[in-house]
Amino acid sequence: MPELPDVEIFRNYLNATALHKKIKTVRVSDDRILSDVSRRTLQRRLKGRELQKTRRHGKHLFAKISADGWLMLHFGMTGFLQFYKNRESRPPHVALEMVFEDDYRLAYDSQRRLGRVGLAKHPQTFAVEQNLGPDAMNGLGSTAFGDLMSGKSGMIKPALMNQKLIAGIGNIYADEILFQAKVHPKTPAEDLGNAELDRIFRAMQQVFEAAAEARADPDEMPDGFLLPRRREGAYCPRCGGKIEKIKVSGRSGYMCPDCQKRP
DNA sequence: AGTACCACCTGACGGC
DNA sequence: TGCCGTCAGGTGGTAC
């Protein structure tokens, strides 16, 4: 699930539920999700503090801890947040849980345990240390985007998904952006002209804005979206042709061979 | 530098 | 019904 729009939903969710509440207990039920921090350190840094505000960079969510530093959450393929009080609302694979003074809890659920939780000095320094590229939806302009992509010798889809180039785009939304921009996923990035790069940039903005409005729910996406039709043999919402499944750099994706012509 | 492939994990699904 | 292979929206390491 978690690409940029999903993480933005999680951010809003955390804002609406778990801010400004004193943390009573921190439960870590699986140490494998901890990144460069011990269970004890994480507990010590959170206990008695509160989360004050949030930031997002690409697929990473940060929550400012009162007193000092930030909590970092990355969701892998299957992570999500759940705020709850009663046991029956507890999700099934809770890896980390903060219990607040009023006994409400914020759970970080990670079925496949591919996500990571840690501490960061600041979202900005974290992004620099991890060599993350600029956030796809925050302060990046068409020209800067074009400069990032045109320097690459590989295919456009893996370039869009490269978090060190630009942060926030995953497999699903890379497909959607290229579909909207009518660009074949295997097009060499260096073959793209300014007009096409600008078209991809604008498609990216439009796709992420629509996804936010749809609350990242495929069923709520605009009619022209590929996202709810990620099946072989589904019909292209634009031309009615058959959607095709293709593998690009090891990941399977979907596209319309009629709308997205080979270069 | 890019890409393919494996690994990390768990669970769902289709075929036999 | 049950077993098995395959696949899943992420990322990092390794070998070409």
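When reading the values below, keep in mind they use all heavy atoms of this one structure, side chains included, and skip hydrogens, waters and symmetry mates. Being a predicted model, the structure only gives us computed values, none of them experimental. All chains are named by letter (A, B, ...) in the order of the sequence lines, taking the proteins before the strands, and each is independently numbered beginning at 1.
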Without decimals, in angstroms, what is the distance between [X] [atom1] and [N] [atom2]?
{"X": "Arg230(A)", "N": "dC7(C)", "atom1": "CZ", "atom2": "C1'", "result": "13 Å"}
{"X": "Asn131(A)", "N": "dG12(C)", "atom1": "CG", "atom2": "P", "result": "10 Å"}
{"X": "Leu160(A)", "N": "dG2(B)", "atom1": "CG", "atom2": "P", "result": "13 Å"}
{"X": "Gln130(A)", "N": "dT11(C)", "atom1": "CD", "atom2": "P", "result": "11 Å"}
{"X": "Arg229(A)", "N": "dG9(C)", "atom1": "CZ", "atom2": "P", "result": "19 Å"}
{"X": "Phe10(A)", "N": "dG10(C)", "atom1": "CZ", "atom2": "P", "result": "12 Å"}
{"X": "Lys59(A)", "N": "dG12(C)", "atom1": "NZ", "atom2": "P", "result": "10 Å"}
{"X": "Met161(A)", "N": "dT3(B)", "atom1": "CE", "atom2": "P", "result": "12 Å"}

Does one side chain, of Lys157(A) or Asn171(A), offer a donor that lies under 3.5 Å from an acceptor on the other?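 Yes, side-chain donor-acceptor contact under 3.5 Å.
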Do the side-chain N and O atoms of Glu176(A) and Gln180(A) include a donor-acceptor pair separated by under 3.5 angstrom?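 Indeed, the side chains of Glu176(A) and Gln180(A) share at least one donor-acceptor pair under 3.5 Å.
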Under the side chain to side chain donor-acceptor pair (under 3.5 Å) test, residues paired with Arg116(A) that sit two or more places apart: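 Applying side chain to side chain donor-acceptor pair (under 3.5 Å) to Arg116(A) gives none.
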Which whole number of Å gives the distance between the [atom1] atom of [N] and that of [M]?
{"N": "dG5(C)", "M": "dC6(B)", "atom1": "P", "result": "15 Å"}
{"N": "dC5(B)", "M": "dT6(C)", "atom1": "P", "result": "14 Å"}
{"N": "dC7(C)", "M": "dA4(B)", "atom1": "P", "result": "16 Å"}

Does [X] come within less than 4.0 Å of [Y], counting only side-chain N to carboxylate O?
{"X": "Asp68(A)", "Y": "Lys121(A)", "value": "no"}
{"X": "Arg90(A)", "Y": "Glu97(A)", "value": "yes"}
{"X": "Glu50(A)", "Y": "Lys22(A)", "value": "no"}

Pairs flagged by ring pair (Phe, Tyr, Trp, His ring centres under 6.0 Å) wherever residues 221-257 of chain A is involved - sequence neighbours left out: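 Checked against ring pair (Phe, Tyr, Trp, His ring centres under 6.0 Å) - neighbours excluded - no pair reaches residues 221-257 of chain A.
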Test: ring pair (Phe, Tyr, Trp, His ring centres under 6.0 Å). Region: residues 188-222 of chain A. Which pairs qualify, not counting sequence neighbours?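 Pairs touching residues 188-222 of chain A that pass the test: Phe145(A)-Phe201(A), Tyr173(A)-Phe208(A).
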Tell me whether the side-chain N/O atoms of Arg251(A) come closer than 4.0 Å to OP1 or OP2 in dG10(C).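 Yes, such a contact exists.
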Please confirm whether any donor atom in the side chain of Asn171(A) sits under 3.5 Å from an acceptor in the base of dG10(C), or the reverse.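 It does not, because no donor-acceptor pair links the side chain of Asn171(A) to the base of dG10(C) below 3.5 Å.
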Collect all protein-nucleotide pairs involving nucleotides 4-6 of chain B in which both atoms are nitrogen or oxygen and the distance is under 3.5 Å.
residue: dA4(B); atom: OP2; partner: Ser249(A); partner atom: N; Å: 3.3

Dump every N/O contact between nucleotides 14-16 of chain C and the protein below 3.5 Å, one line per pair.
none

Listed by chain and number, what are the salt bridge (charged side-chain N to carboxylate O under 4.0 Å, His left out) partners of [X], not counting sequence neighbours?
{"X": "Arg202(A)", "result": "Asp198(A)"}
{"X": "Arg49(A)", "result": "none"}
{"X": "Asp102(A)", "result": "Lys21(A)"}
{"X": "Asp217(A)", "result": "none"}

What about Phe62(A) and Phe126(A), are their ring centers closer than 6.0 Å?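 Yes; Phe126(A) has its ring centre under 6.0 Å from that of Phe62(A).
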Taking the six-membered ring for Trp, are Phe75(A) and Phe80(A) closer than 6.0 Å centroid to centroid?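 Centroid separation for Phe75(A) and Phe80(A): 6.0 Å or greater.
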Check: protein-nucleotides 8-11 of chain B nitrogen or oxygen pairs below 3.5 Å:
residue: dC9(B); atom: O2; partner: Arg112(A); partner atom: NE; Å: 2.8
residue: dC9(B); atom: N3; partner: Arg112(A); partner atom: NH2; Å: 3.3
residue: dG11(B); atom: O4'; partner: Gln111(A); partner atom: OE1; Å: 3.4

List for me each residue that meets ring pair (Phe, Tyr, Trp, His ring centres under 6.0 Å) alongside His93(A), sequence neighbours excluded, and say none if there are none.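 Counting only residues at least two positions away or on another chain, His93(A) forms no ring pair (Phe, Tyr, Trp, His ring centres under 6.0 Å).
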Contiguous Watson-Crick or G-U pair runs (3 or more, under 3.5 Å) in DNA chain C: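 Result, WC/G-U stems under 3.5 Å: B:2-8 with C:10-16, B:10-16 with C:2-8.
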What's the closest nucleotide to the side chain of Lys245(A) if the choices are dG9(C), dA1(B), dC7(C)?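 Shortest atom-to-atom distance from the side chain points to dC7(C).
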Look at the side chain of Met77(A) and decide which nucleotide, out of dA1(B), dG9(C), dC7(C), has an atom nearest to it.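 Within the option list, the nearest is dG9(C).
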At 4.0 Å (heavy atoms only), tell me whether Ser252(A) reaches a base, stays on the sugar-phosphate, or touches nothing.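 Ser252(A): backbone/sugar contact only, no base atoms under 4.0 Å.
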